[in-house]
Amino acid sequence: MIAYLEHFVHGNDTESSPNDDVSSLQSSFHFAPNSIATKDFGGLKSSNPLAVIRPYSTADVARAVKAAATTTNLTVAARGNGHSINGQAMAEKGLVLDMRATAEEHFQLLYLEGLPYVDVSGGALWEEVLKRCVSQFQLVPRSWTDYLGLTVGGTLSNAGVSGQTFRYGPQTANVTELEVVTGKGESLVCSENQNSELFFATLGGLGQFGIITRARIILQQAPDMVRWIRVIYSEFEDFTKDAEWLVTLPEGDGFDYVEGFVVANNDDPCNGWPTIPMGSNQIFDPVHLSPSAGPVLYCLELALHYRKTARSSEVDTKVDRLLGGLRFVEGVKFEDDVKYVDFLLRVKRVEEDAKAKGIWDAPHPWLNMFVSKSDIGDFDREVFKKILKHGVGGPILVYPLLRSKWDDRHSVVVPDSNIFYIIALLRFIPPPPKGPPTEKLVAQNNAIIQLCYNKGFNFKLYLPHYLSHENWMRHFGDKWNRFVQRKQNFDPMAILAPGQKIFSRNHLK
């Protein structure tokens, strides 16, 4: 068994023969230009797939995987909207499946035991799901990502985290059934009670065990409006205490959305005070800050959902009650009332602005990680106040999540801590000569990760990417053997998701 696992994990790197591998596929599939899959949003890696296939159904996905299985070395990567940051959805000399082609295969509202759900395609964008659910049913999924230009299958293969995660858990915790194509080319329906091991493996499984072609998502009544609020802190301890208090309030007693971010304590238009106000008519006045404020400030971003029929006085009373218990800097509060859908699509405006400035398609050396509550104060002192005190040319997110909302049966791993924080360094930096070299920013990310190791922080990378087998083992810790066993069960030839570089394609059948 040990010898088998060693071969399974390390495999060999024999290259494919392009002509032999593709010849049998030409008449069976719709092909797309290879150029669409040579780079991703991160812009840090490049890859040359053998072919890009557009599957229009689950059956097409299954046929493609089976076709790869009949070859000697072909691998298969499912590509959603190309928003990966380290080549996770690439397949060097393999097949890339453009899952956006499957977007229209599934969309159906259903009620089970009186509760609403929607079946959607793995290749559908969350933005599309939002608009269709609201316009057709006045219903919405409970848990989101900040940016909705991501596919359902893509985020469910990782976790899917945003300002509602503290209440409903990640997106992986809000799915009750999946249709999955395994590495054997089998199309299986799975849930907690049917093919349960595949269900739990696939959620947060980085695409290693199957390609999600359909997901059944829990829905709830859609609110009409959102009271959107930002308040500022100069002390990290006050910021974290307030954020943790808010995310532990019972449902109905607190805000419906809680996030936070870090800004430089200066007037830098990309990293400082000007990034805090929510509208052009709002201005940040630093006169309210204490002279003893440090190099960075902290912003709590909050939202309260309500219906159009709610009295404004009722909304005001609840907001005032909640804000009255917080320790933010007096005089520095921004708020606005916006439509619910507009609030969820707020990052769409950032995308449009970034495209206009030419930085949306520039490299994005992002870093995403989870850090335990016990270490977040030291992380602030060593990273926010020192390494990142001038900003990163984009948002620096930091906000608490509750361990109790995550399912240990899923493949995703998080710190063993009742409360842990997501840290996201979301750089939008123009390429040189206007911006710093990408290599310098990648080195900064690596320095932060190494600092966490050296300090013994309890942390995990989110959207992980490692170059060594040992680091993948360390990432999964005591769940590594389970991860390997699941790979054996559902993708024994290691055909799927080669861009993650966890396993190498092998030839065992």
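Just so you know, these numbers use all the heavy atoms, side chains as well, and skip hydrogens, waters and symmetry mates.
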My understanding is that only one of [options] makes a side chain to side chain contact (heavy atoms under 4.5 Å, CB included) with [X]; could you say which?
X      : options                       : value
Ile53  : Asp98, Val61, Leu95, Val76    : Leu95
Met90  : Pro49, Ser47, Ser46           : Ser47
His106 : Val152, Thr58, Val118, Val120 : Thr58

How about [atom1] on [X], more than 12 heavy atoms from neighbouring residues, nucleotides or ligands closer than 6.0 Å, or not?
X      : atom1 : result
Gln220 : CD    : yes
Asn34  : CG    : yes
Lys39  : NZ    : no
Asp416 : CG    : no

Has the side chain of [X] got a donor or acceptor atom that lies under 3.5 Å from a matching backbone atom of [Y]?
X      : Y      : answer
Ser191 : Asn193 : yes
Ser468 : Asn471 : yes
Asn271 : Gly393 : yes
Lys373 : Asn418 : no

Within the 4.5 Å heavy-atom criterion, are [X] and [Y] side-chain neighbours or not?
X      : Y      : value
Asn489 : Phe209 : no
Arg505 : Thr71  : yes
Asn81  : Leu150 : no
Leu397 : Ile422 : no
Cys190 : Leu188 : no
Asn195 : Val189 : no
Phe428 : His364 : yes
Leu97  : Asp60  : no

For [X] and [Y], take the angle between the two ring planes, folded into 0 to 90°, and tell me which bin it lands in: parallel under 30, tilted 30 to 60, perpendicular over 60.
X      : Y      : result
His469 : Trp480 : perpendicular
His30  : Tyr56  : perpendicular
Trp472 : Phe476 : parallel

Could you give me the CA-CA distance, side-chain angles and deciding distance for Asp408 and Arg403, then say whether salt bridge (charged side-chain N to carboxylate O under 4.0 Å, His left out) is met? CA-CA 10 Å; Asp408 276 332; Arg403 183 69 178 80; 2.3 Å; yes

Drop me the distance from Leu50's CG to Asn73's CG, to the nearest 0.5 angstrom.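 The CG atom of Asn73 is 11.0 Å from CG of Leu50, to the nearest 0.5 Å.
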
Report yes or no: is the cationic atom of Arg474 (NZ for Lys, CZ for Arg) under 6.0 Å from the centre of the six-membered ring of Tyr466, at an angle within 45° of the ring normal? no

Just do the side chain to side chain contact (heavy atoms under 4.5 Å, CB included) check on Lys440 and Gln444 with the steps written out, would you? CA-CA 6 Å; Lys440 180 179 179 180; Gln444 186 181 72; over 6 Å; no

Looking only at side chains, do [X] and [Y] share a donor and an acceptor under 3.5 Å apart?
X      : Y      : answer
Thr213 : Glu179 : yes
Glu104 : Ser121 : no
Tyr257 : Glu301 : yes

Counting only pairs under 3.5 Å, give me each side-chain donor-acceptor contact of residues 197-207, with atom names and distances, residues two or more places apart or in other chains.
| from | atom 1 | to | atom 2 | distance (Å) |
| --- | --- | --- | --- | --- |
| Glu197 | OE2 | Arg486 | NE | 2.6 |
| Glu197 | OE2 | Arg486 | NH2 | 3.2 |
| Thr202 | OG1 | Leu198 | O | 2.7 |

On a heavy-atom basis, the closest approach of Trp126 and Thr151 is NE1-O, 3.5 Å

Does Glu352 form a salt bridge (charged side-chain N to carboxylate O under 4.0 Å, His left out) with Lys348? I'd like the steps, not just the answer. CA-CA 6 Å; Glu352 292 167 352; Lys348 188 78 172 180; 5.7 Å; no

Quick check, are the ring centers of Trp366 and His465 under 6.0 angstrom apart? no

Looking only at the aromatic ring of each residue, does the gap between the centers of Tyr462 and Trp406 stay below 6.0 angstrom? no

Between Lys45 and Glu92, does any side-chain N to carboxylate O distance fall below 4.0 Å? no

